[in-house]
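Just so you know, these numbers come straight off a predicted model, no measurement behind them. Whatever order the structure lists them in is the order used to number ligands and atoms, beginning at 1.
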Amino acid sequence: MQVRTIEVLQSELHKVKNRGEIIGLVPTMGALHDGHLALVNHAFESCDCVVVSIFVNPTQFNNASDLNHYPRDVERDVELLQKNKANTIIFTPSVEEIYKESVKAEEFDFGSITQFMEGEFRQGHFNGVGTIIKHLFEIVQPHKAFFGEKDYQQLRLIKKLVQITKQPVEVIGSPTYRETSGLAKSSRNKRLNKKQLETATLIYQALTFAKDNFNQLSIAEIKHQVIQLFEQEHQLELEYFEIASTHDLVPTETKKAEVTYRAFIAAVINEVRLIDNMALN
Ligand code: AMP
């Protein structure tokens, strides 16, 4: 079922809650791919009813062109979700429905987890994410909410958000779903042709290089070699490649025993910005 207003959504959810059912929420910006469907199906493993929101959230875009070019195909998305599973409520609100007259982000203090990588290169982005998710949690009041590890800093931010706001939502991460080439599925991939998609697999190759060599090479050496890899590929511009401890997500060049690390990368091809990350140890 597709609903466009908060009022209709809440009256549907009221019925679901009265039946004692577990409600899951999967927030998306639409242009759905198999990674989104995997997330929805992950939610159905432990929820009776799953709300999938489709909302291209203006306050999390720090670049007007990126917002304007973001792929949108709500009709197809709705069809896909309806075919996938019954008991899916597809929430497709307008910007006015969500933000009323003030399309503005709230300011949060998420600490170090949002300070670097995406936080550094997309100023204001995470305040926009925090704003929309806090709002969706208030509207839906789900028992559980599901987010992809593909946007790892975002997943961590949402876990922090529920601590800050004391919203009683269990936040669950889901593994990154990839093409057979290794490239992470992304709505933004729709803006690339076959050749560009092939070129973009260098992002995945850089991450696997880091993982495969993490024990043997220093972080500085890994970074140096990744930068060199990208220098040979002029179509794909490396924005950042960082290795950070999973605990605080602060980029580092020193490895400590008993600390887990993750590599994070962002690169641009044909004006399309792609991100990915991978656990290293
Ligand atoms: P988006 O529509 O890009 O905002 O993504 C909506 C949700 O799907 C977020 O929690 C993303 O992390 C998640 N997601 C996007 N791409 C993937 C993927 N390839 N694998 C797993 N989750 C994903």
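Per-residue contacts place T176 under 4.0 angstrom from the following atoms of ligand 1 (heavy atoms of the residue considered): 20 (N), 21 (C). Of all the atoms in ligand 1, the ones that sit under 4.0 Å from a non-hydrogen atom of F147 are 10 (O). Proximity to L39 (heavy-atom distance under 4.0 Å) selects the following atoms of ligand 1: 7 (C), 8 (O), 10 (O), 13 (C). Residue P175 approaches ligand 1 through these ligand atoms, each under 4.0 Å from one of its heavy atoms: 20 (N), 21 (C). Within ligand 1, the atoms closer than 4.0 Å to a non-hydrogen atom of K185 are 16 (N), 17 (C), 18 (C), 19 (N), numbered from 1 in the order shown.
With a heavy-atom cut-off of 4.0 Å, L155 does not touch ligand 1 at all. No part of A38 comes within 4.0 Å of ligand 1, judged by heavy-atom distances. With a 4.0 Å cut-off on non-hydrogen atoms, A31 does not touch ligand 1 at all. The proximity of H33 to ligand 1, defined as any non-hydrogen pair under 4.0 Å, is limited to the side chain. Contacts between R178 and ligand 1 below 4.0 angstrom, taking non-hydrogen atoms only, are absent altogether.
With 3.5 Å as the limit, one finds a donor-acceptor pair spanning the side chains of Q2 and T92. Looking at Y240 and E118, their side chains do bring a donor and an acceptor atom within 3.5 Å of each other. Remark: the Q228 side chain and the Q232 side chain contain no N/O donor-acceptor pair separated by less than 3.5 Å. Checked by atom type, the side-chain pair N57/Y99 shows a donor-acceptor distance below 3.5 Å. Side-chain contact of H36 with T28: a donor-acceptor pair under 3.5 Å is absent, judged by distance alone.
Counting only distance, with no hydrogens or angles, the side chain of K100 and the backbone of E97 share a donor-acceptor pair below 3.5 Å. Q196 places a side-chain N or O within donor-acceptor distance of the main-chain N or O of N193, the cut-off being under 3.5 Å.
Ligand 1 has no nitrogen or oxygen under 3.5 angstrom from a nitrogen or oxygen of S174. Every N/O-N/O distance between T28 and ligand 1 stays at or above 3.5 Å. For a threshold of 3.5 Å applied to N or O pairs, the pair formed by M29 and ligand 1 contains at least one separation below that value. Some N or O of D151 is nearer than 3.5 Å to an N or O of ligand 1, by distance alone. Polar contact check, P27 against ligand 1: no nitrogen or oxygen pair lies under 3.5 Å apart.
Using cut-offs of 30° and 60° on the angle between ring planes, the pair Y261 and F214 is tilted.
R191 and E271 are not joined by a salt bridge, as no carboxylate oxygen comes within less than 4.0 angstrom of a charged side-chain nitrogen.
Of all protein heavy atoms, the one closest to atom 20 (N) of ligand 1 is Y177 N, 2.8 Å. Nearest non-hydrogen protein atom to atom 3 (O) of ligand 1 is Y70 OH, 3.8 Å. G148 CA, 3.5 Å is the protein heavy atom nearest to atom 22 (N) of ligand 1. Ranking the protein heavy atoms by distance from atom 1 (P) of ligand 1 puts H36 NE2, 3.7 Å first.
When hydrophobic clusters are built by joining Ile, Leu, Val, Met, Phe, Trp and Tyr residues whose side-chain heavy atoms come closer than 4.5 Å, directly or via intermediates, V129 is not grouped with Y70.
When each of T199, D276, T201 is tested with L183 by the rule side-chain contact (heavy atoms from CB on, under 4.5 Å), just one qualifies, namely T201.
Taking every heavy atom of both residues into account, K223 and F241 meet most closely at CE-O, 3.5 Å.
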